[in-house]
Number of protein chains: 2
Amino acid sequence: MNLKKYTDYSLRVLIFTGLKHGEERARIKEISDVYNISQEHVRKVVHDLVKRGLIESTRGRGGGIRLAKPAHEINVGMLVRDLEQDFALLECFDKGVNHCVISPGCSLKHVINKALGAFFKVLEEYTLEDLIHNEEELKALMGLST
Amino acid sequence: MNLKKYTDYSLRVLIFTGLKHGEERARIKEISDVYNISQEHVRKVVHDLVKRGLIESTRGRGGGIRLAKPAHEINVGMLVRDLEQDFALLECFDKGVNHCVISPGCSLKHVINKALGAFFKVLEEYTLEDLIHNEEELKALMGLST
DNA sequence: TTAAAAGGTGTATTTTGAATACATCTTTAT
DNA sequence: ATAAAGATGTATTCAAAATACACCTTTTAA
Ligand code: SF4
Ligand code: SF4
């Protein structure tokens with residue numbers, strides 16, 4: 001059981017971007033430097049976040065990215081749910097591939113489902129704003145001038 | 001995000017074995033037939049469950065396996081936690097491999113951890129007994145004479 | 001008007017862990 | 001003895017994720 005790095009990277013990008021204010025924009029290069037992730041990955045992640053409508057990008061010199069909406073409107077649970085959506089958590093969750101003979105009478109899947117629900121319920125209590133509440137500390141860790 | 005088939009298989013083995021009573025024993029062959037999993041896998045899973053002290057095995061003719069303790073003492077949460085224990089759910093969870101610069105000030109990991117806690121909390125409310133409460137139905141699905 | 005700075009896009013390769021298979025051994029009742 | 005059961009270690013295959021590569025488009029300032 002584990003989350004994709006991709007998911008974490010996405011959150012990291014949002015955290016970084018969320019630290020920019022006003023007309024400031026984050027650049028992919030900056031992000032890739034701070035986290036030591038290759039620009040390629042960051043690019044992909046960013047692109048994806050743009051498509052999801054969480055980030056706004058501007059091309060060309062002087063361009064960059066910024067949040068497409070206020071941090072408190074970016075829900076952690078929603079995002080994770082989306083990014084990890086391909087969970088065929090168990091064989092029987094995926095109709096069509098399901099061959100498990102006891103499926104119709106199996107309680108396990110309900111139990112797992114309930115647990116998964118609890119997982120996301122917690123995540124959904126948080127927004128990006130909660131993740132950047134300690135702005136100064138984060139900036140310091142990133143080596144950004146505050 | 002997904003659980004290993006291995007985990008599901010382990011539970012399936014326990015469910016099957018839990019349906020045997022008294023001196024009855026389940027055989028690996030039976031299990032592999034019912035679920036259509038190769039004997040090899042079942043063997044591995046069984047072996048593992050024996051090592052974990054959940055199943056008792058007897059070799060030789062007339063041998064087989066049975067639960068090493070009553071079904072209500074086999075906790076689903078504990079088992080899943082064990083079987084999925086290698087979760088480096090996020091990069092920073094694994095000290096030593098952690099390179100994430102914001103780790104010391106990152107709230108995300110706490111959020112994820114809390115969510116994970118909620119996940120297991122639910123699972124821990126259930127035991128194997130809950131999974132086999134509908135014994136007759138399960139037996140029917142498995143094509144076992146009741 | 002062009003060069004540099006930004007992001008966009010598609011594809012290919014590598015890596016990793018899980019899933020699966022193979023081979024061979026030990027125990028025990030009949 | 002032998003067949004029925006489980007024990008054990010190793011090897012192979014497979015799929016998904018992670019990562020890398022190549023090249024395109026937009027914008028703006030020199
Ligand atoms: S045992 Fe239950 S949870 Fe597992 S695959 Fe079968 S139906 Fe699904
Ligand atoms: S961003 Fe937070 S959760 Fe993700 S790896 Fe860094 S410290 Fe861990």
Side-chain angles (χ1 to χ4, degrees), chain A residues 1-10 12-13 16-17 20 23-33 35-52 54-66 68 83-91 94 97 99, chain B residues 1-10 12-13 16-17 20 23-33 35-52 54-66 68 83-91 94 97 99:
Chain A
M1 180 161 174
N2 44 34
L3 298 175
K4 299 182 200 157
K5 280 195 182 182
Y6 193 84
T7 302
D8 186 52
Y9 288 170
S10 301
R12 289 201 214 176
V13 165
F16 187 96
T17 310
K20 300 286 183 181
E23 282 308 304
E24 275 186 304
R25 288 161 187 280
R27 271 166 300 116
I28 285 177
K29 180 76 170 57
E30 274 186 291
I31 299 178
S32 102
D33 281 350
Y35 292 120
N36 233 287
I37 307 172
S38 116
Q39 279 193 55
E40 310 296 337
H41 314 154
V42 180
R43 203 170 280 153
K44 214 179 217 172
V45 167
V46 164
H47 181 216
D48 199 18
L49 290 170
V50 170
K51 278 199 296 191
R52 287 172 197 282
L54 299 179
I55 274 186
E56 235 173 56
S57 65
T58 322
R59 286 179 166 198
R61 177 176 282 208
I65 60 176
R66 61 177 169 186
L83 294 172
E84 302 279 333
Q85 75 191 204
D86 56 340
F87 39 59
L89 204 58
L90 293 171
E91 182 179 326
D94 184 353
V97 186
H99 294 111
Chain B
M1 181 161 174
N2 43 34
L3 297 175
K4 299 181 199 158
K5 281 196 180 181
Y6 194 85
T7 302
D8 187 53
Y9 287 171
S10 301
R12 289 202 213 177
V13 165
F16 187 96
T17 310
K20 300 287 182 179
E23 282 309 304
E24 276 186 303
R25 286 161 188 281
R27 270 166 303 114
I28 286 177
K29 180 77 170 55
E30 273 186 292
I31 299 178
S32 101
D33 282 350
Y35 292 120
N36 233 287
I37 307 172
S38 117
Q39 279 193 56
E40 311 295 337
H41 314 154
V42 179
R43 201 169 282 152
K44 213 180 219 173
V45 167
V46 165
H47 181 215
D48 199 18
L49 290 170
V50 170
K51 278 198 296 190
R52 288 172 196 281
L54 299 180
I55 273 185
E56 233 172 58
S57 66
T58 323
R59 287 180 165 197
R61 179 176 283 206
I65 61 176
R66 62 177 167 186
L83 294 172
E84 303 279 334
Q85 74 189 206
D86 56 340
F87 39 59
L89 203 59
L90 293 172
E91 183 179 325
D94 184 352
V97 187
H99 294 111

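These numbers come from a predicted model, not from an experiment. All chains are named by letter (A, B, ...) in the order of the sequence lines, taking the proteins before the strands, and each is independently numbered beginning at 1.
- Atom CD of B/Glu40 is separated from atom CZ of B/Arg43 by 5.0 Å, given to the nearest 0.5 angstrom.
- Rounded to an integer number of Å, the gap from CD of A/Gln39 to P of C/dG7 is 8 Å.
- At D/dA18, none of the side-chain N or O atoms of A/His41 fall inside 4.0 Å of OP1 or OP2 (strictly under the cut-off).
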Got a list of protein N/O to nucleotides 8-12 of chain D N/O distances below 3.5 Å?
residue: D/dT8; atom: OP2; partner: B/His47; partner atom: NE2; Å: 2.3

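- Along DNA chain D, the nucleotide closest to A/Thr58 and the one closest to A/Ser38 are compared, and the more 5′ of them pairs with A/Ser38.
- B/Arg25 has no carboxylate O lying under 4.0 Å from a charged side-chain N of B/Glu56, or vice versa, which leaves the two without a salt bridge.
- Residue B/Ser57 has its side chain nearest to D/dA7 when only D/dA7, D/dA5, D/dA20 are considered.
- Across the protein-nucleic acid pair, A/Tyr6 atom OH and D/dT19 atom P stand 13 Å apart, rounded to whole Å.
- Ring geometry for B/Phe16 against B/Tyr35 counts as perpendicular: the plane angle is over 60°, on a 0 to 90° scale with 30° as the lower cut.
- For C/dT20, the OP1/OP2 oxygens have a side-chain nitrogen or oxygen of B/Tyr9 closer than 4.0 Å.
- Taken from CD1 in B/Ile28 to CG in B/Asp33, the straight-line distance is 12.0 Å, to the nearest 0.5 Å.
- The distance between atom CG of B/Asn36 and atom P of C/dT20, rounded to the nearest whole Å, is 12 Å.
- Atom C1' of nucleotide C/dA18 and atom CG of A/Asn2 are separated by 11 Å, given to the nearest angstrom.
- Here the CG-CG distance, from B/Leu54 to B/Asp48, works out to 9.0 Å after rounding to the nearest 0.5 Å.
- Comparing D/dG6, D/dT19, D/dA18 against the side chain of B/Ile65 picks out D/dG6 as the nearest.
- Distance, B/Glu56 CD to D/dA5 C1': 16 Å, rounded to whole Å.
- Between B/Arg27 atom CZ and C/dT28 atom P the separation is 18 Å, expressed in whole Å.
- Per the geometry, NZ belonging to B/Lys4 stands 15 Å off C1' belonging to D/dA16, to the nearest Å.
- Side-chain atoms of B/Arg66 and B/Glu24, non-hydrogen and from C-beta on, never get closer than 4.5 Å to each other.
- As a whole-Å value, the separation of A/Asp48 CG from D/dA18 C1' is 15 Å.
- Separating the CG atom in A/Asn2 from the CG atom in B/Asn2 is a distance of 7.0 Å, to the nearest 0.5 Å.
- Proximity note for A/Lys5 (side chain, C-beta onward) versus C/dA19, C/dA4, D/dA18: the nearest is D/dA18.
- Here D/dA3 is the nucleotide among C/dG7, D/dA3, D/dA20 with the atom lying nearest to any side-chain atom of B/Arg61.
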